[in-house]
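In what follows, a single structure is set out as structure tokens and then discussed.
We use all heavy atoms of the structure for the numbers below, so side chains are in, but hydrogens, waters and symmetry mates are not. For ligands, and for the atoms within them, numbers begin at 1 and follow the listed sequence. This structure is a prediction, so every number in the text was calculated from the model and none was measured. The chain is numbered in sequence order, starting from 1.
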Amino acid sequence: MHSTSVKELLSTPPASQEVTVNGWVKTFRSNRFININDGSIIHNIQCVVDFESLDQHLLKQITVGAALRVTGKLVESQGSGQAVEIQVTDIFVHGLADTEDVKLTVLSPKKHSLEFLREQAHLRVRTNTFGAIMRVRSALSFAIHQYFQQNGFYYFHAPIVTGSDAEGAGEMFRVTTLDPKKPPLTEEGDVNYKDDFFGKETNLTVSGQLEAEAYAMALGKVYTFGPTFRAENSNTSRHLAEFWMIEPEVAFNDLDDNMDLAEDFIKNVISYVLENCKEDLQFLEKRLLDEEKTKPQIERSEMALIEKLEFVSQNTFKRVSYTEAIDILRNSKPNKKKKFKYLINEWGADLQSEHERYLVEKHFKCPVILFDYPAKIKAFYMRLNEDGKTVRAMDILFPGIGEIVGGSQREERLDVLKEKMETLGIPEEELWWYLDLRKFGTAEHSGFGLGFERLVLFATGMGNIRDVIPFPRTPQNAEF
Ligand code: ATP
Ligand code: MN
């Protein structure tokens with residue numbers, strides 16, 4: 001049967017035409033006003049029933065959460081709050097809502113804690129907040145593909161199961177079909193992975209970068225957008241064990257080109273949601289304001305959500321070298337007053353999120369790109385600078401988030417790369433193919449990784465990464 005979405009109905013001029021809509025009951029007031037939502041938009045459509053003429057049995061079935069098909073006339077609304085409403089002529093109940101089950105409370109308009117909703121992740125998306133978040137998430141994904149496709153990039157699918165454990169981006173999840181109770185053993189008594197499915201040790205990917213480099217060295221500009229896995233036992237509001245990452249890689253780009261690309265890309269996708277997700281952002285902005293009312297003044301954001309997104313999309317990111325950043329941090333108030341958990345004493349220190357957030361939120365008050373990090377605290381594949389101690393790395397730091405992007409110009413010189421791997425004890429056999437790329441037409445090239453959920457966190461104003469992915473995977477938690 002032909003039906004129209006709530007989104008479409010709300011922007012249709014009412015002329016008493018017959019319409020049909022499918023959706024779930026949000027509220028039912030005075031036996032007369034059914035508010036229906038179908039997920040197409042944050043707003044509901046009001047359906048007005050004449051309960052005197054409605055079958056009593058049917059009336060009882062219309063409860064919060066039930067799935068209905070409603071037919072009626074689209075008319076100008078009598079009440080305030082909505083432009084149009086449906087004068088109901090027919091109702092069909094697709095499915096009842098179990099009013100005995102306490103989980104039904106998730107669907108009621110009552111406010112619930114985000115922690116509680118996480119336990120009901122299959123139902124939370126029916127709430128206004130999660131509906132809005134997931135629509136913004138979807139729009140951002142589209143904007144990401146659109147940006148790259150319009151700028152000459154090819155979408156590259158990196159493997160999920162990888163045979164190299166040298167990527168060094170984080171702890172990995174092993175992939176195996178061996179029986180954990182009695183795995184085949186070598187003569188030395190170790191597990192014999194030669195007998196495993198792939199004939200070697202394999203893991204879930206932590207990054208598609210190394211493979212993307214191979215493709216950039218042929219297709220020129222590529223990007224990945226896929227799931228990545230890190231077995232990091234860090235229970236923070238910024239880390240997931242399974243998250244989605246966007247990794248562009250571009251042949252012939254140096255670090256400056258890489259920073260330009262990252263900045264332009266982020267601004268572009270944020271502008272896209274500002275233009276295309278207005279109503280959801282307005283709702284999320286209000287949610288954030290309400291949430292922050294309960295917090296002390298100093299913990300509240302200086303800007304409302306939409307203003308913050310506009311600020312980021314319109315202002316230049318501040319580019320600062322690691323060395324400059326260390327000077328700023330060393331002389332900062334929290335460092336001198338020993339307020340940082342990790343005090344900055346010398347050049348070479350790894351920056352913790354408290355330092356990153358100080359730079360972005362207190363010192364520069366705008367997104368910051370830090371570059372030229374000490375080689376010692378960065379990955380083996382980053383290009384060594386002339387000074388011999390820093391590498392062409394860059395991280396983008398965002399207010400409220402900390403690191404959102406990590407990238408670099410890659411080491412394209414075979415001899416320098418080999419030397420680096422040797423010092424770090426990375427066997428050449430592991431990455432023979434990666435070294436090959438430096439043997440056959442090597443060239444400078446650069447790329448970065450952007451954690452998709454951290455971008456969604458920023459765009460939605462949410463505080464915990466578990467609330468911007470449908471079914472979060474974190475230590476001790478893989479429900480659903
Ligand atoms: P962090 O220091 O925050 O753990 P990282 O240095 O490990 O980040 P990279 O290896 O550079 O991060 O990964 C690229 C991007 O992927 C990061 O900038 C971040 O946006 C995102 N990211 C990294 N780890 C996670 C995670 N566990 N969950 C969600 N996003 C992540
Ligand atoms: Mn990490």
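Evaluation of the ring pair (Phe, Tyr, Trp, His ring centres under 6.0 Å) test over residues 426-453, restricted to residues two or more places apart or in two chains, returns F225-F452. Applying the ring pair (Phe, Tyr, Trp, His ring centres under 6.0 Å) rule to pairs touching residues 386-420 yields F317-F398, F398-F458, sequence neighbours excluded.
The closest approach between a heavy atom of M245 and any atom of ligand 1 is below 4.0 Å. Using a 4.0 angstrom heavy-atom cutoff, I396 does not count as in contact with ligand 1.
Between Y381 and E213, the side chains place no donor N or O within less than 3.5 Å of an acceptor N or O (distance only, hydrogens not considered). Side chains of S301 and E292: a donor on one and an acceptor on the other come within 3.5 Å. Side-chain contact check for N385 and T390: at least one donor-acceptor pair (N or O, by modelled atom type) lies under 3.5 Å. Remark: the Y223 side chain and the Q149 side chain contain an N/O donor-acceptor pair separated by less than 3.5 Å. Residues T177 and D196 bring a donor and an acceptor atom of their side chains to less than 3.5 Å of each other.
Around atom 21 (C) of ligand 1, the closest heavy atom drawn from P472, G451, S353, A393 belongs to G451. The heavy atom nearest to atom 29 (C) of ligand 1, out of those in W244, F448, F243, F452, is found in F243.
In H239, the parts holding a heavy atom less than 4.0 Å from any atom of ligand 1 are both the side chain and the backbone. With a heavy-atom cut-off of 4.0 Å, D395 does not touch ligand 1 at all.
Taking every non-hydrogen atom of I465 and a distance limit under 4.0 Å, the qualifying atoms of ligand 1 come out as 29 (C). Taking every non-hydrogen atom of G406 and a distance limit under 4.0 Å, the qualifying atoms of ligand 1 come out as 11 (O), 18 (O). Atom numbering of ligand 1 starts at 1 in the shown order; those under 4.0 Å from a heavy atom of E232 are 24 (N), 25 (C), 26 (C), 27 (N). Near R238, meaning under 4.0 Å from any of its heavy atoms, are these atoms of ligand 1: 28 (N), 29 (C).
Between L240 and ligand 1, at least one N/O pair is under 3.5 Å apart.
Considering all non-hydrogen atoms of both residues, E249 and Q209 come closest at OE1-CG, 3.9 Å.
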